[in-house]
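Every chain is numbered from 1, with letters handed out A, B, ... down the list of sequences. Treat the numbers as computed from the prediction; the structure is a model and nothing was measured.
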There are 2 protein chains.
Amino acid sequence: MTVSRTATDGAKTQRAGRKEAEDAGIELGELSEMLGYPLKRAQLKIFEDFLRCMAPLQLTPAQFSVLLLLERNPGRNQTEIASTLGILRPNFVAMLDGLEARELCSRVRSANDRRSHHLVLTDKGRAALARAKKLVAAKHEARLNELLGPANRAALVAMLTKIADEF
Amino acid sequence: MTVSRTATDGAKTQRAGRKEAEDAGIELGELSEMLGYPLKRAQLKIFEDFLRCMAPLQLTPAQFSVLLLLERNPGRNQTEIASTLGILRPNFVAMLDGLEARELCSRVRSANDRRSHHLVLTDKGRAALARAKKLVAAKHEARLNELLGPANRAALVAMLTKIADEF
DNA sequence: TATTGTTATACTCTATAACTATA
DNA sequence: TATAGTTATAGAGTATAACAATA
């Protein structure tokens, strides 16, 4: 649990956990056997690395996931996209404002229901997403495969998905 | 990635991701194959369940991890405990204030170095931690074993630890 | 009356700078 | 001068209530 970090790209911040001196022989004890602790630490590491790999495109994991969803599901409205990703509608507004300001996607008022916006990728957004996918595959996911091996990596994703869906 | 939630105990909040209607057939696509997305969702689910199981003791994962560390490593100072857990020292102050106000641990000024505080569990803290461990083992971790099986669960923790330490 | 997008707002986490008291 | 604990503060992320436009 706990655990902090933030390596927006600068890669500064305190190394945390595996610091250096100071924690001269502090024992984690049961903590390392529980799931939550390594799970949280791994999640932070992965997001950190994702940010690093994505630095040239300046996309956060959340923004990347939105673009990916828009590509796969063009023309959906804000409520649909946000709820699929577990983003609350009010919080999705500023996020979309940002993506739209960068011309990566756009809101198109629906003709049928003039309350809702169809969300679509712009050409620029499509291009950025294509580059982003390549960066993630070549740098981020490739390193993962290197560390765990493809079979273990797949097993890991499967177990995490099972927890997310069934726990 | 994205994903939200917060089930401090009330278990309200929108179901997110696996919502109900609205997301009529929205496809996640590559998202489900990447590590970050299921990793984040699993982490939120696990913390949610941890909070639920821990509701009678009102301990967050972070607070639990601090108490566990104090039990295993009595007499360490704030810098040591905080850095081990990846908590920044400034943020650790309010956290300790809370635990001390509930008389679960206490700060003892060091005789050698009057700048630092030895951190120790109180008897009440030791008792709370004992109860907490039982709750986590009986409710939280047991359910995990049920879902994945002990071998898979161990493999999962091993892989996450590897990522946290070596990635 | 219900829903979509939105605003306002608040609370938690995380992060940095700078102070104080010791060393 | 350097370190331990602290204060103040700022920024993300996440949460809820309520409003305008539309259905």
Side-chain angles (χ1 to χ4, degrees), chain A residues 1-17 19-23 40-41 43-44 47-48 51 60-63 65-66 76-83 85-98 100 106-119, chain B residues 1-17 21-22 40 43-44 47-48 51 60-63 65 75-83 85-98 100 106-119:
Chain A
M1 301 59 180
T2 311
V3 187
S4 55
R5 215 102 2 110
T6 289
T8 320
D9 88 326
K12 54 289 198 143
T13 314
Q14 114 187 141
R15 252 307 117 202
K19 235 262 186 179
E20 288 109 39
E22 338 218 42
D23 51 341
K40 177 77 176 181
R41 298 195 87 87
Q43 186 263 308
L44 288 171
F47 270 48
E48 226 179 286
L51 264 306
T60 65
Q63 291 172 323
S65 68
V66 169
R76 297 298 194 140
N77 68 26
Q78 298 183 194
T79 300
E80 291 169 325
I81 297 297
S83 98
L85 291 173
I87 304 172
L88 294 172
R89 272 77 77 242
N91 298 334
F92 195 45
V93 174
M95 197 177 160
L96 267 188
D97 288 347
E100 219 179 1
S106 63
R107 297 183 241 227
V108 183
R109 276 237 109 87
S110 166
N112 321 334
D113 185 342
R114 295 184 36 74
R115 288 172 302 181
S116 70
H117 298 152
H118 295 317
L119 299 179
Chain B
M1 294 59 179
T2 310
V3 188
S4 55
R5 215 103 2 115
T6 290
T8 319
D9 86 326
K12 46 320 191 109
T13 312
Q14 109 188 144
R15 252 307 117 203
E22 335 217 46
K40 177 78 177 184
Q43 187 263 308
L44 288 170
F47 270 48
E48 227 180 284
L51 264 306
T60 65
Q63 292 171 323
S65 67
R76 297 297 193 142
N77 68 26
Q78 297 182 197
T79 300
E80 291 170 325
I81 296 296
S83 98
L85 292 173
I87 305 172
L88 295 170
R89 271 79 76 241
N91 298 333
F92 195 45
V93 173
M95 195 176 163
L96 267 187
D97 287 348
E100 219 179 2
S106 63
R107 296 183 241 227
V108 184
R109 277 235 108 89
S110 166
N112 321 335
D113 186 341
R114 294 183 37 75
R115 288 173 303 181
S116 72
H117 298 151
H118 294 316
L119 298 179

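Between A/Leu85 atom CG and D/dT14 atom P the separation is 11 Å, expressed in whole Å. Atoms CG (B/Asn91) and P (D/dA12) sit 16 Å apart, rounded to a whole Å. Rounding to whole angstrom units, CG of residue B/Leu44 and C1' of C/dC13 are separated by 13 Å. Here C/dC13 presents its P atom at 14 Å from CG of B/Leu88, a figure rounded to the nearest Å. Per the geometry, CD belonging to A/Gln78 stands 17 Å off P belonging to C/dT3, to the nearest Å. Distance CD1 (B/Ile87) to P (C/dT16): 16 Å, rounded to an integer number of Å. One can place CD of B/Gln43 at 12 Å from C1' of C/dC13, the figure rounded to the nearest angstrom. With rounding to whole Å, B/Phe92 atom CZ is found 17 Å from D/dT7 atom C1'.
A distance of 12.0 Å separates CD1 of A/Ile81 from NE2 of A/His118, quoted to the nearest 0.5 Å. To the nearest 0.5 Å, atoms NE2 (B/His117) and CD (B/Glu100) are separated by 8.5 Å. For the atom pair CZ (A/Phe92) and CG (A/Leu85), the distance works out to 7.0 Å, reported to the nearest 0.5 Å. A distance of 12.5 Å separates OG in B/Ser83 from CD in B/Gln78, rounded to the nearest 0.5 Å. Distance check, rounded to the nearest 0.5 Å: OG of B/Ser116 to CD of B/Glu80 gives 8.0 Å. Separation of atoms CD1 (A/Ile87) and CG (A/Leu96) is listed at 8.5 Å; rounding is to 0.5 Å.
In the set D/dA4, D/dT7, C/dT6, D/dT7 carries the atom at the smallest distance from any side-chain atom of B/Val93.
An OP1 or OP2 oxygen of D/dG5 is reached within less than 4.0 angstrom by a side-chain nitrogen or oxygen of B/Thr79. The phosphate of D/dT14 (OP1 or OP2) has no side-chain N or O of A/Arg89 nearer than 4.0 angstrom.
Each of A/Ser116 and A/Asp97 was matched to the nucleotide of DNA chain C holding its nearest heavy atom; the match closer to the 5' end belongs to A/Ser116.
Residues passing the side chain to side chain donor-acceptor pair (under 3.5 Å) test with A/Arg115 are A/Asp113, sequence neighbours excluded.
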Output one line per pair: protein atom, nucleotide atom from nucleotides 19-23 of chain D, and distance, for all N/O pairs under 3.5 Å.
residue, atom, partner, partner atom, Å
D/dA23, OP1, A/Asn112, O, 3.3
D/dA23, OP1, A/Arg114, N, 2.7

